[in-house]
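Report on the following structure.
Quick caveat: nothing in here was measured; it's all calculated off a predicted structure. Computation of the quantities below employed the complete heavy-atom set of this structure, encompassing side-chain atoms and omitting hydrogens, waters and symmetry-equivalent molecules.
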Amino acid sequence: MSMNSRYGTLGNTLSPPSKYTKTRSRREPSGVFTLFQPAQIQQFKEAFSLIDQDGDGMVTEADLKSIFSSLGITPSRHMMDSLLNARPGGEVADPHDKGVNFTMFLTMMGEHLLELDGEQDLLEAFECFDENDEGKVKCEELRKWLSEVGDRMDNQEMDRLLKGPFTDRQGYFNYREWVKVLRVNAEEEEQKPAPAKR
């Protein structure tokens with residue numbers, strides 16, 4: 001006795017999956033989408049669309065060449081290969097399969113953002129300059145240190161950091177609020193239950 005369903009025929013033998021089943025399995029969401037808020041995903045989609053010059057849903061070598069060309073950059077063969085092979089899964093055997101779709105792009109962005117210093121590390125770094133433990137630091141003091149120590153920042157980089165919404169009229173940078181904004185769903189990741197051990 002066999003039973004028909006939208007997933008095929010159940011009985012002594014299973015029939016191959018139908019077109020509906022194949023399509024459905026491809027539509028399952030990737031875990032990378034849980035790393036970002038919907039607004040962040042939309043921003044990444046917009047960035048991806050700018051790079052995907054031909055609008056086919058894949059960033060290919062031709063798309064990269066076009067975007068570089070519009071920026072006045074002539075990329076080397078090595079640069080192109082490293083960008084295309086940076087995708088999740090690494091190098092591709094089939095040269096026709098080179099390219100990055102949106103899910104891969106989002107995964108790459110997630111991996112890049114997770115390389116940032118942890119929230120506690122950032123707070124501790126700023127607290128060195130916060131003598132009164134108020135959560136803010138004098139911008140001029142930060143400018144001095146950012147231009148003279150470690151990975152030095154130029155004036156343009158410091159302006160982007162210090163002339164934004166986190167600096168008040170008295171010239172103090174509110175680093176605690178800035179660090180909160182940088183957080184990439186860290187709390188959600190911590191709240192997820194650990195996988196059960198078998």
Side-chain angles (χ1 to χ4, degrees), residues 6-8 15-119 121-122 146 150-166 178-186 188-189 192:
R6 67 179 180 195
Y7 301 108
S15 64
S18 68
K19 180 180 176 185
Y20 175 81
T21 307
K22 288 180 186 176
T23 304
R24 182 172 171 81
S25 66
R26 273 189 258 135
R27 290 186 190 159
E28 293 300 321
S30 168
V32 72
F33 287 91
T34 61
L35 291 175
F36 301 104
Q37 300 295 325
Q40 291 172 308
I41 293 171
Q42 185 58 40
Q43 288 178 330
F44 284 125
K45 278 184 184 175
E46 290 170 12
F48 182 83
S49 296
L50 290 172
I51 301 168
D52 180 18
Q53 297 284 303
D54 58 10
D56 67 350
M58 289 289 285
V59 171
T60 60
E61 185 172 335
D63 293 322
L64 289 174
K65 283 181 179 176
S66 178
I67 197 81
F68 279 127
S69 162
S70 69
L71 296 170
I73 299 171
T74 306
S76 67
R77 175 86 249 145
H78 174 72
M79 177 190 259
M80 295 298 288
D81 287 341
S82 68
L83 286 170
L84 291 169
N85 291 329
R87 72 186 209 165
E91 247 180 85
V92 186
D94 182 6
H96 300 292
D97 192 28
K98 279 193 172 185
V100 176
N101 65 27
F102 180 68
T103 304
M104 292 174 183
F105 180 78
L106 199 59
T107 301
M108 292 164 67
M109 294 299 105
E111 288 170 356
H112 178 71
L113 291 174
L114 291 175
E115 291 174 4
L116 295 175
D117 292 335
E119 179 181 358
D121 292 340
L122 287 170
L146 292 172
D151 290 332
R152 293 171 181 89
M153 295 174 75
D154 62 31
N155 284 332
Q156 186 178 5
E157 291 172 315
M158 287 187 282
D159 286 346
R160 275 198 341 231
L161 173 66
L162 300 174
K163 288 192 176 182
F166 302 102
W178 182 74
V179 169
K180 284 181 191 176
V181 171
L182 286 183
R183 208 180 301 154
V184 180
N185 297 331
E188 289 178 17
E189 287 298 315
K192 285 184 181 177

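Rounded to the nearest 0.5 Å, atoms CD (Q43) and NZ (K45) are 12.5 Å apart. Considering CZ of F68 and CE of M80, their distance stands at 6.5 Å, rounded to 0.5 Å. Going from atom NZ of K180 over to atom CZ of F166 covers 10.5 Å, rounded to the nearest 0.5 Å. Atom-to-atom distance recorded for R77:CZ and S82:OG is 10.0 Å, nearest 0.5 angstrom. Atoms CD1 and CE, from I41 and M109 in turn, are 13.5 Å apart once rounded to the nearest 0.5 Å. Note: D81 CG to E61 CD = 7.0 Å, rounded to the nearest 0.5 Å.
In this structure a side-chain-to-backbone donor-acceptor pair under 3.5 Å is present from D63 to T60. The closest donor-acceptor contact from the side chain of T107 to the backbone of T103 lies under 3.5 Å.
By the 4.0 Å N-to-carboxylate-O rule, E157 lies too far from R152 to be salt-bridged with it.
Considering all non-hydrogen atoms of both residues, G57 and F48 come closest at O-CZ, 3.6 Å. Residue G99 comes nearest to M104 through the heavy atom pair O-SD, 3.9 Å, listed as atom of the first residue, atom of the second, then distance.
Counting heavy atoms from C-beta outward, D52 and F105 have side chains that stay 4.5 Å or more apart. Looking at L146 and L161, their side chains come closer than 4.5 Å, going by heavy atoms from C-beta outward. No side-chain heavy atom of V100 sits under 4.5 Å from any side-chain heavy atom of L83.
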